[in-house]
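I have placed the structure first, in the form of structure tokens, so that the comments after it can refer back to it.
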Amino acid sequence: MSISYEGCSSDPAPGAGSFSAAFFDGVSSTRHDVRLRVAGRQIVLDRADGPITLPASDARLTRSSCNSPWLLSFADGSYCELRDGHEALAPLRQAGVVSVQMPGFVSMLERDWRLVALSIAFLATAVLVFYVWLLPKLAEAGTQMMPASMDARLGRAVFAELEGRMLQPSGLDMDQRDKIDWRFRELLGSEAGQYTLFIRHSSVGPNAFALPGKTVVLTDELVTLVDGDLDAITGVLAHELGHVESHHALRSVIQTSALSILGAALIGDYSSLLAAVPVTLGQLRYSRAFEADADSYAHTLLCTRKIDSARTALFFDRIAVKSGNLAELVPDYLRTHAASRQRAEFFRSACP
Ligand SMILES: [Zn+2]
């Protein structure tokens, strides 16, 4: 039986005795430290819970390059990563291990730095294309396929996570809250029954945000910031409806959690990922592109409902002043709205 060492150092010296190896059963990713030895035509793996004996004729010995460890694979899908690979080669060969192969491409990469550079450039491009183009498209498709009941359940979970921690009962009088709620329903028209608006006092300051499941949260502090101007508040709520319509919350979570989702898919355990979703959503900040989409949606909706969109500019003007004067003190939400002045101008633009 011939062993190929294409491009590698010389034939190994014969070894004897037992050899250190990591055993994987081919079903789970659990690694078992074993001692490997050869007994006639059998390969014996000494594990803490007893030996495993496998026929050498079923085994196949491979490695992908000169510097990678030797892998001893068996017909049932299990395999060993040999730590003392070179010493173990001769006994394994004598026991009848089928063959040793080395893919030419990997060893060629080891010898040619230009191919390595090309591979790195290809990989970097692939990762960039995935994150910039493919992942947003997958996230969009994923949220559109999600059933409404799951969306609503997720929204309730996120709201429960926030309630009590950063949201407390509103301090606004009932009459003012009723007026805001009435304007919100007027904005929604026939879809009003599907949405819920929560008005809350909040430690995060002037804010409004949309959760999955057609839920919108508005803080007392935002109402105070615009002196209770109902048109300005309606404009901010219209902006949040833009986030709801385009599923921005879930799309952002999918995009920011892509690596966790991939990891969960590989190990088949989604429980920790699902547990983290409400927290991730609670701390979410949107990209500039999502904010521009929601602004555009709000402007069109306000024009359709014959509401003066220029009043919404009041919110962004006050945010701009607040972030300018109190750069050190304002919450993150305000700092992310650095383009407040431009957004105010957008809301002052005439209806199409
Ligand atoms: Zn927004």
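The figures that follow rest on heavy atoms only: side chains count, while hydrogens, waters and symmetry mates do not. Order of listing sets the numbers, starting from 1, for every ligand and every atom in it.
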(message) For N/O/S atoms only: which one belongs to E291 and is nearest the Zn ion (ligand 1)?
(response)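 Minimum-distance N/O/S atom of E291 relative to the Zn ion (ligand 1) is OE1.
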
(message) Would you call the rings of H299 and F346 parallel, tilted or perpendicular, taking 30° and 60° as the class edges?
(response)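 H299 and F346: tilted rings.
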
(message) Below 30° counts as parallel, above 60° as perpendicular, anything between as tilted: where do the rings of H239 and F316 land?
(response)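 Taking F316 first and then H239, their aromatic rings stand perpendicular (interplane angle over 60°).
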
(message) Tell me every residue that passes side chain to side chain donor-acceptor pair (under 3.5 Å) with R153, counting only those two or more places apart in sequence or in another chain.
(response)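 R153: no side chain to side chain donor-acceptor pair (under 3.5 Å) contacts found.
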
(request) Examine all N, O or S atoms of H248, backbone included, and report whether one is under 2.8 Å from the Zn ion (ligand 1). (result)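 Short answer: no, not a single N, O or S atom is under the cut-off.
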
(request) Decide, counting backbone as well as side-chain atoms, whether D295 has an N, O or S atom less than 2.8 Å from the Zn ion (ligand 1). (result)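 D295 does not place any N, O or S atom closer than 2.8 Å to the Zn ion (ligand 1).
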
(message) Among residues at least two apart in sequence or on other chains, which ones pass salt bridge (charged side-chain N to carboxylate O under 4.0 Å, His left out) with R35?
(response)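 Counting only residues at least two positions away or on another chain, R35 forms no salt bridge (charged side-chain N to carboxylate O under 4.0 Å, His left out).
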
